[in-house]
Amino acid sequence: MPTIVVDVMPKPEILDPQGKAIAGALPRLGFTGFAAVRQGKRFELTVEGEVTDEVLAQARQAAEQLLSNPVIEDVVNVEVLPAAEPALEAQAEARA
């Protein structure tokens with residue numbers, strides 16, 4: 001089944017305490033070279049059948065009205081994941 005991915009990020013002017021905490025922890029754990037971290041959210045919408053323009057438009061509308069808070073967040077990406085290879089999909093299901 002096809003999957004639509006929606007990525008939501010805090011607006012640039014909004015404080016991101018979780019991203020700031022991660023940025024503070026990275027060097028303590030030996031990860032260097034990162035100047036900042038912003039933490040967002042990812043949603044995966046599984047579609048029954050084909051992803052038509054109408055289905056994609058509904059996903060965009062859901063992202064704006066339900067999956068994000070437009071006061072403090074931006075929907076930065078709505079895309080259809082490429083179809084998984086059947087063998088890879090079976091391996092993923094076997095591990096789950």
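Please read these numbers as outputs of a predicted model, since none were measured by experiment.
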Student: Hydrophobic cluster membership, with links at side-chain heavy-atom distances under 4.5 Å among I/L/V/M/F/W/Y: are V78 and V55 in one?
Tutor: yes

Student: Main chain of T3, side chain of T46: is a donor-acceptor contact present, judged purely on distance under 3.5 Å?
Tutor: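 Side chain of T46 to backbone of T3: no pair is present.
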
Student: Could you list all the salt bridge (charged side-chain N to carboxylate O under 4.0 Å, His left out) pairs where at least one residue sits in residues 52-70, not counting sequence neighbours?
Tutor: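 Passing the test, one end in residues 52-70: no pairs.
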
Student: Let me have the donor-acceptor pairs involving side chains of residues 18-31, under 3.5 Å, with sequence neighbours excluded, atom names and distances please.
Tutor:
{"from": "R28", "atom 1": "NH1", "to": "G24", "atom 2": "O", "distance (Å)": "3.0"}

Student: Transitively linked via ILVMFWY side-chain contacts under 4.5 Å: L67 with L56?
Tutor: yes

Student: Listed by chain and number, what are the salt bridge (charged side-chain N to carboxylate O under 4.0 Å, His left out) partners of E48, not counting sequence neighbours?
Tutor: none

Student: Who pairs with D7 by side-chain hydrogen bond (donor to acceptor under 3.5 Å, both in side chains), at least two apart in sequence or on another chain?
Tutor: N77

Student: Do you know the tightest heavy-atom contact between R42 and L81?
Tutor: NH2-CD1, 4.1 Å

Student: Can you tell me how far CD of Q58 sits from CD1 of I4, rounded to the nearest 0.5 angstrom?
Tutor: 9.0 Å

Student: Between P10 and G40, what is the shortest heavy-atom contact and its length?
Tutor: CD-CA, 4.2 Å

Student: Which heavy atom of V75 sits nearest a heavy atom of A63, and at what distance?
Tutor: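 Result for this residue pair: CG2-O, 3.6 Å.
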
Student: For V80 and V51, which heavy atoms make the closest approach, and how far apart are they?
Tutor: CG2-CG1, 3.6 Å

Student: Can you sort out the partners of E50 under side-chain hydrogen bond (donor to acceptor under 3.5 Å, both in side chains), two or more places apart, ordered by chain and number?
Tutor: none

Student: If a pair satisfies salt bridge (charged side-chain N to carboxylate O under 4.0 Å, His left out) and one of its residues is in residues 65-80, list it, with sequence neighbours excluded.
Tutor: K11-D74, K41-E73

Student: Assess whether side-chain contact (heavy atoms from CB on, under 4.5 Å) is satisfied between V8 and V76, documenting all intermediate values.
Tutor: CA-CA 6 Å; V8 176; V76 296; over 6 Å; no

Student: According to a 4.5 Å side-chain heavy-atom criterion applied to Ile, Leu, Val, Met, Phe, Trp and Tyr, with indirect links allowed, do V47 and L66 form part of one hydrophobic cluster?
Tutor: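 Yes, it is one cluster - the side chains of V47 and L66 are joined through contacts under 4.5 Å.
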
